[in-house]
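Because the structure is a prediction, the values reported are computed rather than measured. The chains referred to below are lettered A, B, ... by the order of the sequence lines, with proteins before strands, and numbering in each begins at 1. Scope of the values below: all heavy atoms of this structure, side chains included, with no hydrogens, waters or symmetry mates.
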Amino acid sequence: MRKTVAGLLTVVLLVAVSVMAASPKKQVVLSGPTQDCLSCHRELNPGLVQDWENSRHARMAPREGIKKSKPERRVSTDKIAETLAGSVVGCAECHTQNSARHQDSFEHNGYQVHVVVTPEDCAACHSQEVQQYGQNLMSKAYGNLMNNPVYHSLVEEVNASGSFRENRIQWTKPNDQTNADSCLFCHGTVVEVKGLQKRETAQGEMSFPVLTGWPSQGVGRVNPDGSLGSCGACHSRHGFSIEVARQPYACSKCHKGPDVPAYPVYEVSKHGTLHASLNKTWDFKSVPWKVGKDFTAPTCAACHVSLITGDGGRTVSERTHRMNDRLPWRLFGLIYAHAHPKSADTTIIKNKAGIPLPTDFNGDQATPFLIDEKEQAQRLKTMQQVCLSCHSRAWVSGHFQRLENTIQTSNQMTLAATEVMTTIWDRGLAKGLAQKSSPFDEAVEKKWMEQWLFFGNSTRFASAMMGADYGVFAHGRWYLRKNLQELTEWLADRNKEEKK
Amino acid sequence: MRKTVAGLLTVVLLVAVSVMAASPKKQVVLSGPTQDCLSCHRELNPGLVQDWENSRHARMAPREGIKKSKPERRVSTDKIAETLAGSVVGCAECHTQNSARHQDSFEHNGYQVHVVVTPEDCAACHSQEVQQYGQNLMSKAYGNLMNNPVYHSLVEEVNASGSFRENRIQWTKPNDQTNADSCLFCHGTVVEVKGLQKRETAQGEMSFPVLTGWPSQGVGRVNPDGSLGSCGACHSRHGFSIEVARQPYACSKCHKGPDVPAYPVYEVSKHGTLHASLNKTWDFKSVPWKVGKDFTAPTCAACHVSLITGDGGRTVSERTHRMNDRLPWRLFGLIYAHAHPKSADTTIIKNKAGIPLPTDFNGDQATPFLIDEKEQAQRLKTMQQVCLSCHSRAWVSGHFQRLENTIQTSNQMTLAATEVMTTIWDRGLAKGLAQKSSPFDEAVEKKWMEQWLFFGNSTRFASAMMGADYGVFAHGRWYLRKNLQELTEWLADRNKEEKK
Amino acid sequence: MRKTVAGLLTVVLLVAVSVMAASPKKQVVLSGPTQDCLSCHRELNPGLVQDWENSRHARMAPREGIKKSKPERRVSTDKIAETLAGSVVGCAECHTQNSARHQDSFEHNGYQVHVVVTPEDCAACHSQEVQQYGQNLMSKAYGNLMNNPVYHSLVEEVNASGSFRENRIQWTKPNDQTNADSCLFCHGTVVEVKGLQKRETAQGEMSFPVLTGWPSQGVGRVNPDGSLGSCGACHSRHGFSIEVARQPYACSKCHKGPDVPAYPVYEVSKHGTLHASLNKTWDFKSVPWKVGKDFTAPTCAACHVSLITGDGGRTVSERTHRMNDRLPWRLFGLIYAHAHPKSADTTIIKNKAGIPLPTDFNGDQATPFLIDEKEQAQRLKTMQQVCLSCHSRAWVSGHFQRLENTIQTSNQMTLAATEVMTTIWDRGLAKGLAQKSSPFDEAVEKKWMEQWLFFGNSTRFASAMMGADYGVFAHGRWYLRKNLQELTEWLADRNKEEKK
């Protein structure tokens, strides 16, 4: 009986403690400016404010966060500015910081407020992540696309609109709005201030900056403080939740289409199906992320980003926001899969033909600009540490051998298609670069593009992430084979016609 | 110590209270007829009965429901019939009501029972929703499709089956079963009684009505009591859950294909990915629905249907079951995106050429039948109230400007394709309406159709709901551009052949 | 007051009991060998070990499991070997069992360990499931594909890689790695031991077997103990969870592409959308599975596999791992939908033309090898028992009539396409079997294949599982109709050319 009473008391105490631990209102200190913001915006934007109130930012001051042990720390800056340390991370802490360098700062009820919170703002507490992200291809996603003449012409090709006149289409180049709604939605827009605009508000007339390319949440957003990127692309506003960024849906926003089908491949993989079945019981908030305890199958973040620990707190992999740290190959074919570029700025790459592409049309790689085999081996090893958490060495080795084979065979299918295409150009049956024309505008050229942009990529992603169902009949080998057949028959038919 | 004891007691009391609050068996009064139904059907259809038992209908009598404060009320009828008010909403309450006007009523163990529960039946408690829904395009989805000769011919074209004889296909018009399994699955079938049929049952021989077009859960179902629609299309039987209707999956049943790809667009939008990550913690049952508290990103219902409240209970948007109340534009191209029709019955629309379409082939709108700019502005404002819950004015304005641009450019791409198609018809290279032939049956015509039915729509939906990934390479601009190119080259090739 | 105190005590007791019930560490007896495994592998593969520790296997000895009442039992073997009965099912219990017949056994720290755990190993406790699965088409998925010359040639066709030389593509047959990464990923590879390999490990040099076709988790894996299949294909390693197998995601791994689109159809069906909305509250672990209580809409397993009970424990359907026990029709067209094969080994089937296909090119069925109408009726009845749990007889009958109609009309659309294709072959416009050539390699043949492999199948699956949205514009009737049109116009164009 005594034991039972003691047991009951223990239970009651446990419940009490857990209730106290869950209490979010403890030690919450809001700065004066943030209180001022909330006094209007709680009513104006209740969803936004409440989303923030649910967040860790709203409950913990950086001074508390920095006290945690190294693996548990979310704050990576070693010394937080005194002005920011003591109160929770509220509206003003982000939207009024660094106002001097923010072109989008404006006077708002006595404060210099800026609209666009940037990686430089986040760096006040998360400097290491911002520094790593700056070396990530994604941070340069705008320039890598728009300042590379080949890719730029592809953007103009995809987004053009046309009129039919005198038996042919007259194409109009896409305007900024169209690009922002298409490629730049993911790549990021250029956000610039074009003056101020007066607007009637509940508080009378007020002035607000007029922004180009806004809204914008692309990973390579060019910000009005000169920085690149948007942390909110993955850590969605205004919850800034590590949970959201660790869920695969965060990545799916830009990686679902057939060009980079990481997410649909994940969905049919063992990993993805386990996630779908079990994630409701996983802990997506725990830092570090304990494999097997917090989650039992990886999400995108587990393999590519997160700090993972194993038995007894042993580090399985270090956190990185340079997201190709664990990737030897860039599966995304331009036009072939290739070793990862050394620099996040890929506009500097030139292939042997002097074209700003990481591979030649014959499949050779622009090696001076790409990581070498030693670096590839190192990155592979880093990735495999994650795999080995749950798989034996033989399983892991076998998997990556298979991927190497698939990279080779899918590149071969791009080579064959490119040789057909080159023959078509050479014979004058279509006009490509050599004819001073876009290699992307004719129907047969689009067929060739789909070979590497859709089907080669899909086949490789399906292999890399073990989502074979996507790589056969959904978007992979079936089409890789069929498309090459159609391309070849197109040429054969024209040859036949010429002989007539 | 005293504090601790008090704390413990508080905890224990809270637990106790929450257990009591969760107790669903309080005050449940089943009507006699419903008890009779359950006495057999609990064994015959255990899943169905249990589903209902989990429902709010099974736990609360309308007399209780009507007592709640206005924003909390689910019952919108002001005075509930005395016969229905006192007991919970059980089998008999729905399946024996209004039997006089139900063609499908039949004698069943002493009761006049009808199979098909209709909006008119639901109106006993939810009259306002039924009245609004009657003004919703969806309620007329059967007639709008089948009684419009243009769309009807499209249905027959899509569902036809063919035989190959003497070098050509002989087409057979689809039978009713095929249409019910295809277009009418979503649009709704005509449910009529064709006599009674005897059947052996566990209780001996019994008679049951023979129904046409059954099963049926389409949104525009033509019911045997003369009413239109099926509340169960969204509030699935027999749980009738507001939770199910508020989840985006309810809408995905009919809005996933490339013709109206609202759901796949949502899936890759910020809203949809937040929903996917976080919905397990949201409250989908709360009425009214509190933005930021009950949910932190909108589902379809939040933007288009639900009563939303913000800080301090302020109404953000009123509940509506006329689902275009917040929509200035109908993005669905027929064949161009256009201002929303005034009347839910769209068979009355005629364009300038006298064809029952809301736009002309040159893009002009059938303005007398469509809402005017003032009404468009009003609806836009209503929608923007929802957006402003979480976004600033600049963000919201920028978004809708971008959508306007995309409506214009995607319509332009339909115009160009239509001009090519018209040229093809004019030259006799295919047979269209002017040649007294279907404009939908030849391969090149199907190509033209995909331009507006798949790619134009997909591009616009992707823009409207910020799911850009779907609007570029998945089903949008890439195909819009490629398809127009192929169409144009098709014409050019025929021109070349003619010149030979 | 007395009542309140009693209530409080009850609550406290309930909480205490539930905490105790949840305690998983009770009575866990690990065998000595398993403890040895864990001593290293807990550190080496923390995710794997933890996944197992979360499992039922890790908490309950077979001796306990076998004591449960029949419907609650997961163990189907009537007498468990004494060596396995007393300890929980750990590493050694599976990986050292039956080592004599395991070609992949190797000496590892004093134990004979095998890498590949097979159905024969699982049969120690789950003999009935293994015996049923042996009669399941899936268990023969490797041989049925690779030992059937028609399908084998299709595999080689889909996975080939090509080089462009002298104006044509030279095709290279796929290597084993490619097949393993493509078709055999789902169908299963042949896993054989090719000697031993030494490897440096944390414990010094050790030897491990070299396996072909590894990794492998296909449903028809050919195992190194001579058995067929992989239980882990659905009951994913190392959690072996009934929950995972009952979730539809388990099946989606191989049934998502357009060839067998069961999962995307389910996703847009009422059943699938209810699952998506509500599954977070369902009990996926309960045995037996109680319809309406544990779940309120079926998953794949509910209709095809699971033991389902209804009101008062009445059996609705018996558990089966021969997954076509409830299926009269094989919707998967080869090339027409047909009655299910009698034998799981389909290589024995010959159609009237002597080709190893279940149907003739004119649609006739290879009846001697297929179940007869009586057996079809029996299987239909078994399936309908599940439907009737939630639907009335009229609903169920109407549904299956509609499906029969769709089987007929979609087969008709395959027939028409096949007649066009046969004409093309007969006229020498393409080379098929009669010309001693592959019927699968030319572009027009691929078009014909898509008619039955993608569009016919998609239309039928959409009908069978009430996911109409997928069966119209997504992958079904629209393409069935359009593809036949294009095929016919292809022939007409060639006819026209010949006449010139």
Tell me, side chain or backbone of [X] under 4.5 Å from chain C's heavy atoms, or both, or neither?
| X | result |
| --- | --- |
| B:S216 | backbone |
| B:D441 | both |
| B:W52 | neither |
| B:R199 | side chain |
| B:Q197 | neither |
| B:L211 | neither |
| B:H41 | neither |
| B:E497 | side chain |

Check your understanding: Quick one: do the B:N54 and C:T296 side chains pair a donor with an acceptor below 3.5 Å?
Key ->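 The criterion, which ignores hydrogens and geometry beyond distance, is not satisfied for C:T296 and B:N54.
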Check your understanding: Do B:E243 and C:S277 get their side chains close enough for a donor-acceptor pair, meaning under 3.5 Å?
Key -> no
Exercise for review: Specify the closest pair of heavy atoms between C:L388 and B:N45, including all atoms of both residues, with the distance to one decimal.
Suggested key: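 Shortest heavy-atom contact: O-ND2, 2.8 Å.
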Point to revise | C:A416 to B:I169 - nearest heavy-atom pair and separation | key: CB-CD1, 4.3 Å
Practice item. Please report the C-alpha distance between C:W478 and B:E450 in whole Å, then the side-chain angles of each, then the deciding distance to 0.1 Å, and finally whether the side-chain contact (heavy atoms from CB on, under 4.5 Å) criterion is met. Key: CA-CA 10 Å; C:W478 170 259; B:E450 290 185 350; 2.7 Å; yes
Review point. Looking at OG of B:S161 and CG of C:L480, how far apart are the two atoms once the value is rounded to the nearest 0.5 Å?
Key: 9.5 Å
Check your understanding: When rounded to the nearest 0.5 angstrom, what distance separates CG in C:D311 from CZ in B:R42?
Key ->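 One gets 6.5 Å once the value is rounded to the nearest 0.5 Å.
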Proximal component of [X], with respect to chain B [non-hydrogen, under 4.5 Å]:
| X | value |
| --- | --- |
| C:L278 | side chain |
| C:S463 | both |
| C:F473 | both |
| C:T281 | neither |
| C:N483 | neither |
| C:N279 | neither |
| C:H391 | both |

Salt bridge present between [X] and [Y] (N-O < 4.0 angstrom):
| X | Y | value |
| --- | --- | --- |
| C:K270 | B:D51 | no |
| C:R477 | B:D181 | yes |
| C:E419 | B:R165 | no |
| B:K446 | C:E486 | no |

Review point. Do the side chains of B:W214 and C:H399 get nearer than 4.5 Å, heavy atoms only?
Key: no
Review point. Counting only heavy atoms not in C:K280, do more than 12 sit closer than 6.0 Å to its NZ atom?
Key: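 More than 12 within 6.0 Å, yes.
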Check your understanding: Is the C:Y479 ring parallel, tilted or perpendicular to the B:F454 ring (thresholds 30°, 60°)?
Key -> tilted
Looking at [options], which makes the most heavy-atom pairs under 4.5 Å with chain B?
| options | result |
| --- | --- |
| C:R481, C:K482, C:Q485, C:K290 | C:R481 |
| C:G398, C:P264, C:S392, C:C390 | C:C390 |
| C:L274, C:T459, C:L415 | C:L274 |

